Every structure is written in structure tokens, then in C-alpha cells.
Amino acid sequence: MKPHAKYVWFNGKIVRWEDAKIHVMTHALHYGTSIFEGIRGYWNGDNLLIFRLDDHVERMFKSAKILGVTIPYTREEVRKAVIETTQANNFREDVYIRPVAFVSTETVTLDIRSLEVSLAVIIFPFGKYLSPKGIRAAIVSWRRAHNTMLPVMAKIGGIYVNSVLALTEAKSRGYDEALLMDLNGYVVEGSGENIFVVRGRKLYTPPVHQSILEGITRDTILRLSSDLGIQAEERPITREEIYTADEVFLVGTAAEVTPVVEVDGRPIGSGEPGPITMKIAEFYSNVVRGRVEKYLNWLTPVY
Ligand SMILES: CCC[C@H](NCc1c(COP(=O)(O)O)cnc(C)c1O)C(=O)O
């Protein structure tokens, strides 16, 4: 497969893409015992701006704590690793950055207390993950894992089988994305995104305790909507509220702000991206490209 980039940061060294390899006995390969982040870097014509780097690093350490493993680097070292990987590859375009810490001991034991953890930082050019013109979503049969079964607030690799099954089902039914319900039938997330619903002039999004990933983009959107004078409430959302919403959109590092124009064959609102969604999407785009003074502290320039 063609390398996506020249260099990878791997356990403290910048190595060539083709040399960043692990053994088939690696624990995380068998049991999904990895934690990862998805971070975007935006090229604004002069510099590459990494969006909310510190928040992503912080969540990575929280995920490690929940899984019960220790990342053998400090937050500052992980932060620097992300920046160094980006500099080493010298990308001058939008990029996706994937730090992944994983239990690398070559063993089949399920007790990870004494096992070793490795860290890699991978980066590659990355444009739109979903169509900004709007997508069609299906509410799928796979439920979001309940947080009494798996710690879904942590970005643990193994948990993403839930998202893989959900998205693959949606795609096989001809849709672009999956919406997942929780055990009680509330719609809680996309396969890789948080969800927002517009009813009237108000925004609604599921609360953190409803088995969702506490998205950094979700947090950003709640702040930006407040700046725009749009009221937002965190509460459970029913399937019927999705169908009858004026607007629905998905948010995430990869998805950014993506309008959902149809769910289960039912047009959402006019069947076109809604005005509030587009206003928030435009504001978000300006923020991540360093055009909004108030949020420049969220951006880490690379060069
Ligand atoms: C395949 C996973 C991709 C990853 N998904 C991020 C993600 C989000 C949004 O979180 P944040 O706003 O912090 O990114 C919400 N919910 C899930 C299940 C996610 O995987 C991403 O980079 O967007």
C-alpha cells in the first residue's frame, strides 16, 4: 500500500513509514487494547494549525486511565511528538493526525497490569470525511455499547467494533452514515460523531452520561452556538424527534459539522442543509482556520 506519509513517530523516534511495524503477537492486535485520538491540522495558507491539541492529549490520558494502562510519556512529550511528526512530514495542506498508544507486549494474557505500552503518531493528508452538502443516515440495529458494559467515554480501539458494525450496516443499506440508539432506544451518536438536533430555534444534544464519547467538537459547537445566541440543551433525543427535527447535524474531528438531510428514508426538514447548521458550520470553519480572535488559543501552529 502506498505510504500516506514519509515519517511516523514511533516510541520516541521519527522512523520511515515502511519501518513503523509491529509483531503479529502484539497484544493490541488481538484484544483491541489501544487508545487513540483523531486530531485535525488545518492549512491556512501560511501555517498548519492543529486544533485543540491539548484537549486531545488530555483525553488520551483519560482514556489510558480508564483502560488502566500508563502511557510511558508525559502530556508534553505526546504534544511534542504530534508537532514533530507534522514538522517531519512538512505537510502544507489539511491533515489528520492519529496518535495511538497500544499494549505492545507479545503475549496472550488478558491481565494488562504489567504489560508494556507503545506510542505511535501517524499523520496523513485529509480532506472531507463526509459531504458538507449533507448526508443520508440510517438508524441501525447495532446499539451503542452501554457504559456499564464498555467504557465508551474512552477512545479504546476495541470499542470501535461497535462503530465498524454500525457504519458497515448503514453503508450496506445504501446510506452514508449510521445513527446508533442506546439500550433505551434514544438516538445517541453517529458511528464516529456526536449528534445535534435543531427543533425550532433551539439545539439539543445527548448528555455525556448517555454512553457517548465526550466529543471535543461537541464541546466546541456548544460554545460557538452560545456565541451565536443559539440556546442548547443536553438531553436524551428520541427517534421520533430525529424524524421530525427541523435540522440534524453530526459533529466530530473527522466529520467537522455535517448536515444530515435524510434519516431512514425521511427527509429532515426541507431535505436540504438547514440554516442553523450552515451558520454553525461556517463559524466552525473560520475558528479552525484561525480567523476568529477569541479562539486562537485553541490552535497550535506547526511551522
Ligand atoms: C473513527 C473515529 C474518528 C473520530 N471520531 C470521533 C468521535 C466523536 C467525536 O469526537 P471528537 O469531536 O472529539 O472528534 C464522537 N463519537 C465517536 C464514537 C467518535 O469516534 C474522529 O476523528 O472524528
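Both ligands and their constituent atoms are indexed starting at 1 by order of listing. Just so we're clear, the structure is a prediction, and the values are computed from it rather than from any experiment. Numbers here are sequence positions counted from 1.
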Examine the proximity of ligand 1 to [X] and report which part, side chain or backbone, both or neither, has a heavy atom under 4.0 Å away.
{"X": "Arg144", "result": "side chain"}
{"X": "Tyr96", "result": "side chain"}
{"X": "Arg59", "result": "side chain"}

Could you tell me the separation between the CZ atom of Phe91 and the OH atom of Tyr303, rounded to the nearest 0.5 Å? 8.0 Å

Below 4.0 angstrom, N of the basic side chain to O of the carboxylate: do [X] and [Y] qualify?
{"X": "Asp55", "Y": "Arg59", "answer": "no"}
{"X": "Asp246", "Y": "Arg199", "answer": "no"}
{"X": "Glu84", "Y": "Lys13", "answer": "no"}
{"X": "Arg52", "Y": "Glu37", "answer": "no"}
{"X": "Asp264", "Y": "Arg239", "answer": "yes"}

When only distance counts, is [X] in polar contact with ligand 1, meaning an N/O pair under 3.5 Å?
{"X": "Phe36", "result": "no"}
{"X": "Glu214", "result": "no"}
{"X": "Arg218", "result": "no"}
{"X": "Gly190", "result": "no"}

Taking the cut-offs as 6.0 angstrom to the six-membered ring centre and 45 degrees off its axis, would you call Arg218 and Phe196 a cation-pi pair?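 Here Arg218 fails the 6.0 Å and 45° test against Phe196.
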
Under a heavy-atom criterion of less than 4.0 Å, does Tyr129 contact ligand 1? no

Can you tell me which residue and heavy atom of the protein come closest to [atom], and the distance to 0.1 Å?
{"atom": "atom 16 (N) of ligand 1", "result": "Glu189 OE2, 2.6 Å"}
{"atom": "atom 20 (O) of ligand 1", "result": "Tyr160 OH, 2.7 Å"}
{"atom": "atom 14 (O) of ligand 1", "result": "Thr253 OG1, 2.7 Å"}
{"atom": "atom 1 (C) of ligand 1", "result": "Arg98 NH2, 4.3 Å"}
{"atom": "atom 12 (O) of ligand 1", "result": "Thr217 OG1, 2.6 Å"}
{"atom": "atom 7 (C) of ligand 1", "result": "Gly192 O, 3.2 Å"}
{"atom": "atom 11 (P) of ligand 1", "result": "Ile216 N, 3.6 Å"}
{"atom": "atom 4 (C) of ligand 1", "result": "Lys155 NZ, 3.4 Å"}

Considering all heavy atoms, the nearest Val188-Pro206 contact: O-CG, 3.6 Å

Please verify the inter-ring angle class for Tyr96 with Phe126; under 30° counts as parallel, over 60° as perpendicular, anything in between as tilted.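 Plane angle between 30° and 60°, so tilted.
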
Which atoms of ligand 1 sit under 4.0 Å from any heavy atom of Gly38?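 The atoms of ligand 1 under 4.0 Å from a heavy atom of Gly38 are 22 (O).
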
With atoms numbered from 1 as shown, which atoms in ligand 1 lie under 4.0 angstrom from a non-hydrogen atom of Gly215? 10 (O), 11 (P), 12 (O), 13 (O)

Phe102 and Phe36: aromatic ring centres closer than 6.0 Å? no

Give a yes or no on this: more than 12 heavy atoms of other residues, nucleotides or ligands lie within 6.0 Å of atom CH2 of Trp142.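 No, CH2 of Trp142 has 12 or fewer neighbouring heavy atoms, counting only those of other groups under 6.0 Å.
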
Side chain Asp182, main chain Arg143, donor-acceptor under 3.5 Å: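 Not confirmed, Asp182 side chain does not pair with Arg143 backbone.
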
Given Ala255, Ala166, Ser191, which one has a non-hydrogen atom that is nearest to atom 18 (C) of ligand 1?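 Among Ala255, Ala166, Ser191, the closest heavy atom to atom 18 (C) of ligand 1 comes from Ser191.
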
